[in-house]
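Here the structure is laid out as structure tokens; the discussion comes afterwards.
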There are 2 protein chains.
Amino acid sequence: MAKKSVLQQKRAAYQPKLPAALWGPVKAVKGEPTQSVGDQEEIKNLFPNTYGLPQLTFEKATEPAPCVDAFNVGVILSGGQAPGGHNVISGLFDGIKAINKDCRLYGFLMGPGGLVDHQYMELTADIINDYRNTGGFDIIGSGRTKLEKPEQFERGLEIINKLNIRAIVIIGGDDSNTNAAVLAEYYKAKNVPVQVIGCPKTIDGDLKNGLIETSFGFDTATKVYSEVIGNIERDCNSAKKYWHFIKLMGRSASHIALECALQTQPNCCIISEEVEAKNMTLNDIVDSLAKVVAARAAQGNNFGTVLIPEGLIEFIPAMKALIAELNDMLAANPQFASLSAAEQREFVLSHLSAANAEAYASLPEGVARQLSLDRDPHGNVQVSLIETEKLLSEMVGKRLAQMKKEGTYVGKFAALHHFFGYEGRCADPSNFDADYCYGLGYNAAQLINCGATGYMSSIRNLTKPSAQWVAGGIPITMMMNMEHRNGKNKPVIKKALVDLEGKPFKAFAAMRDEWALNTCYTYPGPIQYFGPEEVCDQPSRTLYYEQN
Amino acid sequence: MAKKSVLQQKRAAYQPKLPAALWGPVKAVKGEPTQSVGDQEEIKNLFPNTYGLPQLTFEKATEPAPCVDAFNVGVILSGGQAPGGHNVISGLFDGIKAINKDCRLYGFLMGPGGLVDHQYMELTADIINDYRNTGGFDIIGSGRTKLEKPEQFERGLEIINKLNIRAIVIIGGDDSNTNAAVLAEYYKAKNVPVQVIGCPKTIDGDLKNGLIETSFGFDTATKVYSEVIGNIERDCNSAKKYWHFIKLMGRSASHIALECALQTQPNCCIISEEVEAKNMTLNDIVDSLAKVVAARAAQGNNFGTVLIPEGLIEFIPAMKALIAELNDMLAANPQFASLSAAEQREFVLSHLSAANAEAYASLPEGVARQLSLDRDPHGNVQVSLIETEKLLSEMVGKRLAQMKKEGTYVGKFAALHHFFGYEGRCADPSNFDADYCYGLGYNAAQLINCGATGYMSSIRNLTKPSAQWVAGGIPITMMMNMEHRNGKNKPVIKKALVDLEGKPFKAFAAMRDEWALNTCYTYPGPIQYFGPEEVCDQPSRTLYYEQN
């Protein structure tokens with residue numbers, strides 16, 4: 001039988017802190033009508049019934065809450081796990097129960113597919129209590145089915161009607177929230193009284209904007225990664241003989257790498273967005289790393305730590321061009337698969353444009369081969385399979401060997417590799433994420449109660465004590481613009497990449513030269529749940545810099 | 001500049017708990033003369049001056065401590081990092097200062113080599129205070145130079161005399177403590193008044209016996225690994241689509257894998273010692289894993305977690321035989337290196353004995369190639385470079401494909417891989433390790449004060465509250481026997497492998513069938529320093545089972 005750990009047992013009793021506005025009955029204050037961040041006309045045409053809604057802010061009501069009939073709510077976890085998902089659900093549960101104790105909560109199983117396939121369970125108090133303040137999405141599971149087709153919406157409506165559900169809460173990233181807006185619009189257009197509310201989830205930190213300060217899970221995941229990165233740095237600084245190349249999850253954006261760098265002060269941290277902006281080649285990156293290794297070696301320090309964002313390869317313009325041409329070329333030449341390895345290499349080199357052939361030839365053979373072999377079902381290179389951490393250390397090693405011959409490097413270079421991702425996506429939420437998520441869920445109940453649909457639950461002012469957090473709702477259409485995706489123009493929530501003019505990146509850029517040459521490691525240690533407030537309740541460095 | 005994290009700042013104030021016997025002046029109670037665990041005559045002949053010493057136990061003295069002249073002590077960190085090393089040093093510092101505030105502590109730099117090369121620094125109160133309760137060995141660094149030659153002992157003596165050092169404390173694993181005994185004997189034989197005291201360090205947990213209950217660092221490192229394993233299990237149980245193959249550091253012994261299994265209840269955990277005892281082949285292991293995957297798939301669960309000890313390959317009798325023959329064969333055929341890959345494979349297969357050729361042929365090609373290519377400077381296969389976690393998942397995948405054809409497996413198999421080691425060796429020590437290490441250091445000061453040499457600092461009764469811990473010294477020769485190492489018979493401390501008749505393994509064996517089929521994951525969460533005692537002060541499951 002599964003046994004609860006002692007920590008889990010004690011942590012269950014933690015009461016997440018709510019914004020003061022949500023401590024009792026609330027009143028919804030409407031702002032001005034809103035518009036989308038881009039392509040206003042197109043977005044308005046696509047969302048005629050849910051465009052232009054006002055922002056909502058909750059304030060303490062001066063009168064007791066009126067009696068409300070009990071209602072039912074459905075909740076869905078969508079996409080990759082993020083710490084705090086269970087607290088969104090427990091906050092939602094407590095929120096609707098506070099409105100009317102006869103309200104009921106249904107969880108759809110294994111992601112949006114559960115709504116379409118009518119797989120669900122009722123979430124009772126006993127079940128909810130078992131999952132308070134725990135990591136993971138295992139309470140109802142998650143999945144990656146995309147809710148985007150009318151047939152799906154109609155299938156969903158059957159079970160919604162059967163269970164007498166008034167509102168669906170979708171906990172997901174940018175795509176899932178985009179789909180929540182489409183679903184809200186669909187039901188509204190049909191005049192079906194089903195509300196749809198989104199919650200901003202993703203450890204990647206790329207779902208944020210002027211109105212959503214951070215997505216939940218980012219805080220906890222980056223704290224877990226920073227804990228182990230700090231431990232590795234300390235090992236590195238004790239043994240003084242290895243360079244650790246550490247790749248970090250985070251899909252396209254480099255928010256996770258940047259946050260971990262701000263927490264642990266490694267010797268190097270690559271930011272994909274900067275690589276793209278500066279039009280750097282893979283060789284440029286290798287050069288800059290080799291220079292740091294050589295400079296440290298000149299001081300007798302043959303060790304160091306390098307952080308690498310998962311999405312790097314696609315941000316190197318030369319690699320992006322190479323991959324695009326490879327995809328087309330291989331799709332057009334099905335006979336390629338039957339050639340020998342040597343013939344394949346020859347084929348690729350002779351069929352690519354000069355610039356791309358040069359980039360291809362500069363890659364270590366194993367990586368070049370991987371680029372021309374492993375394809376996803378759509379025939380595209382599976383960039384995430386490339387072990388960037390090994391690729392870079394191998395190329396840096398070769399560059400250093402060359403520098404040694406030229407007399408510009410004297411030292412020893414031995415590399416170790418790590419990739420962190422799954423280690424942090426299901427960690428028990430930090431106090432920050434426990435509070436933030438519980439608030440998002442509790443707040444979603446208020447949004448439902450005031451009749452909102454097509455809104456994202458929003459808690460802001462997050463670097464202040466939680467009592468001062470601001471709760472409300474943001475029309476999802478407000479965050480949208482049109483983007484070209486899979487060959488079509490689509491309305492989507494704009495993904496937030498690292499802003500090279502933003503304060504977190506600038507803070508990093510101001511310190512990185514010192515971190516490179518000297519050994520300035522900071523060891524954050526593991527997430528603490530019971531200690532002094534300064535230890536337990538700190539938001540991420542990214543949020544800190546963004547708001548201070 | 002390096003910045004102390006908030007946790008580090010707060011944790012510095014933690015006062016490690018000492019055994020009650022060490023709270024004030026002590027009296028050393030001598031036991032009966034001891035003998036070595038094996039080969040008594042040979043060990044006695046090799047250690048004529050330090051053999052047969054009595055065990056020492058410290059009790060509270062009934063009278064105030066007599067005045068003692070100030071003395072100087074040197075300390076060395078030897079081998080791989082383990083959480084708590086800094087606390088051994090701070091305990092030693094506080095211990096000698098309590099005896100006489102004018103005592104001084106010198107740290108030799110970068111391991112035993114610092115003694116030979118006269119690289120040292122004085123450890124003053126300011127420096128010590130900077131490192132209390134922190135992980136890592138960075139206060140003076142560590143190294144792997146083996147102290148075993150008279151020239152080294154003589155070079156060491158020069159600096160010992162120059163600094164007027166009365167005793168050397170060596171913090172290390174089984175080999176380093178063996179060398180401490182040799183050094184103690186050497187100085188004693190020469191009638192040089194230098195004492196040598198050892199401290200039992202290693203995360204691997206293989207330095208233990210009837211008298212040393214555990215080595216320090218094991219507790220913290222396994223807690224860090226169990227934290228991230230638990231997080232991965234929770235991810236696994238949320239996404240329900242991956243099998244995670246997790247390799248764990250620990251050299252030969254499987255103590256770390258076993259402890260992590262007891263903490264996290266994975267679906268499978270391989271114990272090398274059992275593989276050897278049951279004379280299992282690689283195919284047997286793959287079979288048993290594939291059966292679990294298939295049984296879970298039959299219940300619709302295409303996910304799971306497998307723990308793999310680092311040293312596995314060398315414990316598979318067939319692999320051990322294959323590697324031994326490969327080493328000899330390749331050493332005898334230097335022309336091998338110039339053959340093509342295909343020719344090499346042919347060469348190996350045609351030159352091996354039938355049984356070993358069969359084992360070789362059964363390996364995935366990449367691994368077989370690795371076995372015949374990567375050699376260490378002595379011409380031996382570098383077993384630690386073999387990515388056992390990938391090897392096993394690849395073979396399991398092939399076996400499942402075959403079972404699918406045979407109709408004995410219906411499911412999907414996708415694997416992810418992890419290797420944890422460097423993530424935990426330098427973590428901030430748990431309360432257990434912080435207390436245990438501080439006690440070992442403080443106790444070492446008492447051993448010095450009572451004139452002991454050739455002793456290991458010992459704290460026992462470790463599953464009881466720290467006040468009831470028993471402090472004293474164990475003659476190192478008592479733990480020794482003769483073993484064949486590198487072609488010679490040598491006196492060494494017997495390495496402790498997992499005891500298949502011991503309570504920790506039996507507890508695991510009693511539960512593993514249920515863990516395999518069902519999903520019984522336990523999520524220990526991160527080490528806590530400030531919370532309730534049940535959360536913060538638990539010893540390892542291994543110690544718990546051994547003593548209860």
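The structure displayed is predicted, hence computed values, not measured ones. Chain identifiers are assigned alphabetically (A, B, ...) following the order of the sequence lines, protein sequences preceding nucleic acid strands; residue numbering begins at 1 within each chain.
Under the 4.0 Å criterion applied to side-chain N and carboxylate O atoms, A:K223 and B:E227 are not assigned as salt-bridge partners.
Only the side chain of A:F420 comes within contact range of chain B, with heavy atoms under 4.5 Å apart. Looking at A:T264, neither its backbone nor its side chain comes within 4.5 Å of chain B, counting heavy atoms on both sides. A:M511 does not touch chain B: none of its heavy atoms, backbone or side chain, sits under 4.5 Å away.
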- Report the C-alpha separation of A:L416 and B:Y422 in whole Å, then their side-chain angles, then the decisive distance to 0.1 Å, and conclude whether the side chain to side chain contact (heavy atoms under 4.5 Å, CB included) test is met. CA-CA 9 Å; A:L416 291 170; B:Y422 299 95; 3.4 Å; yes
- So B:R11 and A:Q528, side chain to side chain contact (heavy atoms under 4.5 Å, CB included) or not? Walk me through it. CA-CA 11 Å; B:R11 179 69 176 161; A:Q528 296 297 301; over 6 Å; no
- Can you check side chain to side chain contact (heavy atoms under 4.5 Å, CB included) on A:Y529 and B:F530, steps first, answer last? CA-CA 8 Å; A:Y529 299 111; B:F530 304 100; over 6 Å; no
- Please test A:E423 against B:H418 for side chain to side chain contact (heavy atoms under 4.5 Å, CB included), starting from the C-alpha separation and ending with a verdict. CA-CA 9 Å; A:E423 290 75 3; B:H418 313 263; 2.9 Å; yes
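Top candidate by heavy-atom pairs under 4.5 Å with chain B, chosen from A:G135, A:P83, A:G525, A:G141, is A:G135. The candidate from A:D235, A:V6, A:I139, A:I229 with the greatest count of non-hydrogen atom pairs under 4.5 Å with chain B is A:D235. Taking B:W515, B:Y242, B:F419, B:F137 one by one and counting their heavy-atom pairs under 4.5 Å with chain A, the maximum is reached by B:F137. Comparing B:C536, B:S142, B:P532 by heavy-atom pairs within less than 4.5 Å of chain A, the highest count is held by B:P532. By number of non-hydrogen pairs under 4.5 angstrom with chain B, the leading residue of A:D428, A:I140, A:N237 is A:N237.
Taking 4.5 Å as the limit, some side-chain heavy atom of A:R144 sits within range of a side-chain heavy atom of B:K241. By the 4.5 Å heavy-atom criterion applied to side chains, B:T134 and A:R234 are counted as neighbours.
Distance check: A:E233 CD to B:C426 SG gives 11.0 Å after rounding to the nearest 0.5 Å. Rounded to the nearest 0.5 angstrom, A:Y521 OH and B:D138 CG are separated by 10.5 Å. Atom NZ of A:K10 and atom CD of B:E534 lie 4.0 Å apart (nearest 0.5 Å). A distance of 10.0 Å separates CG in A:N231 from OG1 in B:T220, rounded to the nearest 0.5 Å.
Side-chain atoms of B:T522 come within 3.5 Å of backbone atoms of A:K3 as a donor-acceptor pair (strictly under, hydrogens ignored).
Closest approach of B:S238 and A:M110 over heavy atoms only: O-CE, 3.7 Å.
The number of heavy-atom neighbours closer than 6.0 Å to OH of B:Y544, taken from other residues, nucleotides and ligands shown, is 12 or below.
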